[in-house]
Amino acid sequence: MNNYNHKQIEEKWQQYWEKNKSFEASDFSDKEKKYILVEFPYPSGAGLHVGHVRSYTALDVYARYLRLKGYNVLYPMGYDAFGLPTENYAIKHKIHPSQATKENIKTFRSQLQKMGFSFDYSRETNTTDPKYYKWTQWIFIQLYNHGLAYKKKMAINWCPSCKTGLANEEVVNGKCERCKTAVEKKEKEQWMLKITKYADRLINDLDKVNYLDKIKQQQINWIGRSEGAQIDFKIETNTVSVFTTRPDTIFGVSYFVLSPEHPLATKICTKDKEDEVKEYINEAKHKSDLERTELQKDKTGVFTGAYAINPITKEEVPVWIADYVLMSYGSGAIMAVPAHDSRDNEFAKKYNLDIKTVIDEEKDELINSDFLNGLSVKKAQEEIIKFLEDKKLGEKTVNYKLRDWVFSRQHYWGEPIPIIYCDNCGTVPVPEEDLPLELPKVEKYEPTDTGESPLADISEFVNTTCPKCGAKAKRETDTMPNWAGSSWYWLRYIDPKNDKVLADKDKMKYWLPVDLYNGGMEHTTLHLLYSRFWNKFLYDIKVVPTSEPYQKRISHGMILAEDGRKMSKSFGNTINPDDVVNEHGADTLRIYEMFIGPFSETIPWNTNGLIGVRKFLEKVFDYFSVYIKEGKQESIINDKAEVVLNKTIAKLSSDIKDFKFNTAVSALMILFNELKMKDKYHFFSFVDIKKILIIIFPLAPHLSSEMWEKIEAEGRLEEQSWPAFDEKLLKEQKVKIVVQVNGKFRASLELESGISKEDLIKIAKDHDNVSKWLEDKEMKKIIYIQDKLINFVV
RNA sequence: GCCGAUGUGGUGAAACUGGUAAACACGCGCGACUCAAAAUCGCGUGCCUCUGGCUUGUGGGUUCAAGUCCCACCAUCGGCACCA
């Protein structure tokens with residue numbers, strides 16, 4: 001018997017929920033609020049991926065569970081739609097990016113609805129909607145007004161294939177994060193955001209939030225805070241600062257290094273070395289980051305002929321130029337201590353430079369260091385910093401690996417940066433009343449080879465008047481990176497239609513912070529860090545009520561293809577959720593992806609497993625069909641089954657709360673194995689039958705809703721309360737007690753629970769397979785655990 | 001090199017504060033139904049020299065008892081990396 005028509009059932013309930021607005025969140029409800037957030041998708045032409053389905057289902061199960069538990073739940077969805085793939089797609093197919101975006105969003109929305117996700121669709125946002133990006137631009141202007149957005153000419157990471165600048169976070173192993181092309185350096189004026197100003201708070205405030213440890217650790221590593229000292233060296237008349245974490249080793253300095261990009265590099269070299277130095281600098285310039293890291297094993301450098309004076313010893317040490325010293329970290333210059341730094345050591349050996357030992361590693365004690373001799377490393381650091389500060393030769397400082405965020409992109413499909421350049425007034429932000437500054441609708445939006453934004457070619461856009469003095473002026477033509485829109489989107493869901501402010505203050509007070517946020521690990525040092533930064537800024541200017549946006553952050557594992565590789569069009573191993581929904585149903589796909597394994601693990605797809613889940617749902621369908629036909633009048637109550645139901649409710653409650661969906665599903669399977677054993681059905685009272693449907697609802701909302709209607713239960717399933725379980729009924733009357741002799745399993749006894757130790761010992765000793773092992777042995781000890789185990793030690 | 005994680009059947013995996021390792025599911029085998037196949041249902045399924053013994057990456061340790069705790073090592077994955 002298999003009349004389980006998933007198509008009919010699922011369409012019916014999806015329409016029902018939509019018509020009844022079943023999952024719209026209400027602002028300021030008396031119920032306690034929960035804000036459940038999952039990263040919104042980039043609406044690419046490829047459509048929804050089974051990976052999306054995994055995390056959206058997990059949070060959907062959780063959101064539905066919380067609603068049944070009586071919470072006012074906000075579970076919204078939107079689209080992060082600016083970015084290169086759409087632009088490239090549009091160029092290739094000769095349709096406008098906004099048109100492509102519109103179509104893609106339409107596809108996504110219908111795919112999401114077919115999964116039965118309980119999003120509040122009335123709050124849908126789209127980062128490319130001018131009503132939305134008006135506020136993205138508004139935030140940029142606030143950043144500018146507070147000195148956190150600035151323009152700087154600098155060597156940036158340039159992707160020659162995407163034809164745009166990249167942030168440091170977007171460069172992976174010297175390659176473009178998106179297209180894997182080797183990144184080049186390019187001198188360009190760029191808008192920068194001063195995220196470094198928030199470095200300490202971005203680390204420290206991690207204490208206030210409940211993120212997975214590995215996420216916290218990765219962010220801390222990325223920010224890369226290190227404490228040390230800045231020390232001033234003199235090279236002839238110039239003063240050059242170095243940063244070091246080991247100021248205690250100052251007596252071991254035997255040479256000095258400038259980065260090839262250091263402004264003094266060409267100035268200080270002696271005449272006879274000039275050609276050699278210039279050539280080296282030129283070579284270094286043409287090495288990409290990728291080449292530099294690949295060649296890192298073999299260090300190169302060139303002697304400048306100049307000498308630097310150690311401010312403590314007054315000793316002269318040779319100044320070298322070497323590209324193992326980076327201009328972008330510290331001051332672009334180092335004091336080299338080859339005895340106690342492996343990189344300096346390697347370099348010194350190659351070029352025959354002095355190596356002076358100043359620490360006795362065995363004793364952790366300073367040697368050959370004048371007034372520091374005999375001190376521990378830690379003590380010596382304190383002493384030397386005090387000394388430097390007294391003599392004004394240096395000071396204690398902190399350095400970060402984190403760099404400011406390169407915020408300009410030379411592309412069409414992004415938020416225009418709302419800035420005007422006026423000859424009289426300089427840089428002027430677009431006035432708030434003129435926002436949004438809309439992207440001009442144009443025919444040509446291909447990126448240029450010159451490194452200019454395509455907007456620079458559009459004279460109607462570029463030429464404008466200064467909002468301050470009215471003179472002729474020009475607009476900024478760069479656009480924002482694709483990370484901009486997602487850096488504040490969770491705020492907009494709270495009040496998506498507000499045109500006065502980005503979101504109403506009272507509403508934000510009610511909903512924030514986000515209680516649970518799920519997203520990919522790949523966003524740990526990108527989106528997650530950027531959005532924390534923006535939130536902190538908005539908090540500082542009193543726009544948002546909390547200093548951290550997300551209370552809890554978790555992460556899902558990837559779904560690989562059946563062959564264990566990543567799903568990819570080029571391998572031809574992708575699974576399209578639409579096909580699965582058509583063939584097996586949304587409830588099947590939902591439960592399958594929950595059952596597949598632990599939520600945070602990477603797991604390959606397995607079509608056989610999917611079929612197993614479908615069979616389970618058919619079993620559920622059969623059970624209720626038979627119940628409706630036969631079981632309804634006389635309910636057969638089975639004691640053991642009653643215990644099983646209570647256990648199942650308890651197990652599901654804790655498993656859903658802990659995101660252990662795989663065992664939650666298995667608990668439901670065990671329940672139905674009890675309910676339908678060997679073709680015999682065990683039916684419960686009507687009250688208990690309803691409880692079963694309520695606990696299935698979060699995982700299989702369509703099927704359970706259909707059955708709820710078929711058994712003629714009153715009210716709407718989605719408005720029921722999650723059933724309580726009876727603690728007393730969790731324990732079975734009969735328990736299995738393990739009998740061990742010397743820790744080895746010898747027998748298993750089925751006895752009344754709560755049996756006394758004495759009675760148990762008597763029964764256990766009588767057991768054939770136990771007495772056999774106890775014969776002629778002296779009893780040393782008896783270990784007894786109530787209702788579980790008895791161990792005779794002989 | 002540094003930081004983090006993970007190692008359990010043929011497969012995905014389960015095991016709460018140490019207490020019968022392998023729940024649940026897939027796969028496989030046998031059987032029932034059928035002329036037959038599929039579907040469905042039932043039974044079985046860690047390994048071995050099988051009244052017993054062995055088994056959670058390897059080797060030690062703590063304990064009456066270790067997948068779980070401690071020490072050392074190996075392997076795989078993820079992140080960072082000439083960051084001074």
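Just so it is clear: chains get the letters A, B, ... in the order the sequence lines come, proteins before strands, and each one is counted from 1.
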Sorted by number, the residues of residues 518-525 of chain A with heavy-atom contact under 4.0 Å to RNA chain B | none
Pairs under 3.5 angstrom, nitrogen or oxygen only, protein versus nucleotides 11-17 of chain B, please.
from  : atom 1 : to       : atom 2 : distance (Å)
B:G12 : O2'    : A:Ile596 : O      : 2.5
B:A14 : OP1    : A:Asn662 : ND2    : 2.9
B:C16 : N4     : A:Lys788 : NZ     : 3.1

Less than 4.0 angstrom from a charged side-chain N to a carboxylate O is my criterion; do [X] and [Y] meet it?
X: A:Lys660; Y: A:Asp658; result: no
X: A:Glu315; Y: A:Lys356; result: yes
X: A:Glu39; Y: A:Arg553; result: yes

Strictly by modelled atom types, are [X] and [Y] linked by a side-chain donor-acceptor pair under 3.5 Å?
X: A:Tyr592; Y: A:Asn606; answer: no
X: A:Tyr4; Y: A:Thr588; answer: no
X: A:Glu522; Y: A:His527; answer: no
X: A:Asp655; Y: A:Thr663; answer: yes

Candidate nucleotides [options], ranked by approach to the side chain of [X] - the nearest:
X: A:Gln217; options: B:A25, B:A84, B:G4; answer: B:G4
X: A:Tyr324; options: B:G19, B:C82, B:A84; answer: B:C82
X: A:Ile670; options: B:C24, B:C82, B:C64; answer: B:C24
X: A:Asp341; options: B:G19, B:C82, B:A84; answer: B:A84
X: A:Lys781; options: B:C64, B:C82, B:C24; answer: B:C64
X: A:Asn791; options: B:G53, B:C80, B:A65; answer: B:A65

Measure from NZ or CZ of A:Lys619 to the centre of the six-membered ring of A:Phe672 and say whether it is under 6.0 Å with the direction within 45° of the ring axis.
->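 No, A:Lys619 and A:Phe672 do not form such a contact.
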Report the residue (A:Tyr400 or A:Ile785) whose heavy-atom-nearest nucleotide on RNA chain B is the more 5′ of the two.
->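 Result of the comparison: A:Ile785.
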Step through the shown structure and confirm whether more than 12 heavy atoms of other residues, nucleotides or ligands are within 6.0 Å of NZ on A:Lys350.
->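 Check passes, neighbour count above 12.
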Considering residues, nucleotides and ligands other than A:Glu583, do more than 12 of their heavy atoms fall under 6.0 Å from its CD?
-> no
Between [X] ([atom1]) and [N] ([atom2]), how many Å, whole number?
X: A:Leu326; N: B:C82; atom1: CG; atom2: P; answer: 6 Å
X: A:Ile783; N: B:A66; atom1: CD1; atom2: P; answer: 12 Å
X: A:Leu789; N: B:A21; atom1: CG; atom2: C1'; answer: 15 Å
X: A:Tyr784; N: B:G18; atom1: OH; atom2: P; answer: 19 Å
X: A:Asn673; N: B:C41; atom1: CG; atom2: C1'; answer: 14 Å
X: A:Tyr351; N: B:C82; atom1: OH; atom2: C1'; answer: 14 Å
X: A:Leu206; N: B:C3; atom1: CG; atom2: P; answer: 19 Å
X: A:Ile223; N: B:C3; atom1: CD1; atom2: P; answer: 18 Å

If the glycosidic angle is within 90 degrees of 0 it's syn, otherwise anti, so just tell me which one B:G18 is.
-> anti
For [X], which contact category applies under a 4.0 Å heavy-atom criterion: base, sugar-phosphate, or nothing?
X: A:Ser328; value: nothing
X: A:Ile334; value: base
X: A:Lys214; value: sugar-phosphate
X: A:Arg225; value: nothing
X: A:Lys615; value: sugar-phosphate

Could you tell me how far [M] sits from [N] if I compare only their [atom1] atoms? Round to whole Å.
N: B:G18; M: B:C80; atom1: P; result: 37 Å
N: B:C35; M: B:A14; atom1: C1'; result: 44 Å
N: B:C74; M: B:C30; atom1: P; result: 46 Å
N: B:C47; M: B:C2; atom1: P; result: 42 Å
N: B:A72; M: B:C54; atom1: C1'; result: 25 Å
N: B:G67; M: B:G9; atom1: P; result: 14 Å
N: B:U58; M: B:C64; atom1: C1'; result: 26 Å
N: B:U40; M: B:A25; atom1: P; result: 14 Å

In dot-bracket form, how is RNA chain B paired, counting a Watson-Crick or G-U wobble pair only if both its distances are under 3.5 Å and using | for bases paired to another strand?
-> (((((((..(((......[....)))((((((.......))))))(((...)))..(((((..]....))))))))))))....
Parallel, tilted or perpendicular for A:Phe599 and A:Phe661, by the 30°/60° rule?
->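 A:Phe599 vs A:Phe661 ring planes: perpendicular.
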Distance test, side-chain N/O of A:Lys299 to OP1/OP2 of B:C82, below 4.0 Å | no
For B:G27, does either OP1 or OP2 sit under 4.0 Å from a side-chain N or O belonging to A:Asn608?
->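 Checking A:Asn608 against B:G27: at least one side-chain N or O falls below 4.0 Å of OP1 or OP2.
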Can you list the steps and then say if A:His6 with A:Asp587 is a side chain to side chain donor-acceptor pair (under 3.5 Å)?
-> CA-CA 8 Å; A:His6 62 266; A:Asp587 282 340; over 6 Å; no
With no angle test and no hydrogens, is the base of B:C80 tied to the side chain of A:Asn221 by a donor-acceptor pair under 3.5 Å?
-> no
Has the side chain of A:Gln740 got a donor or acceptor atom sitting under 3.5 Å from an opposite partner on the base of B:G19?
-> yes
So, does A:His584 use its side chain to make a donor-acceptor pair with the main chain of A:Leu610 at under 3.5 Å?
->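 Side chain of A:His584 to backbone of A:Leu610, a donor-acceptor pair under 3.5 Å: no, none is there.
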Check whether any side-chain N or O of A:Asp404 sits under 3.5 Å from a backbone N or O of A:Thr196 as a donor-acceptor pair, and report yes or no.
-> yes
Answer with yes or no after comparing the ring centroid distance for A:Tyr623 and A:Phe621 against a 6.0 Å cut-off, counting only values under it.
->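 That pair fails the under 6.0 Å test.
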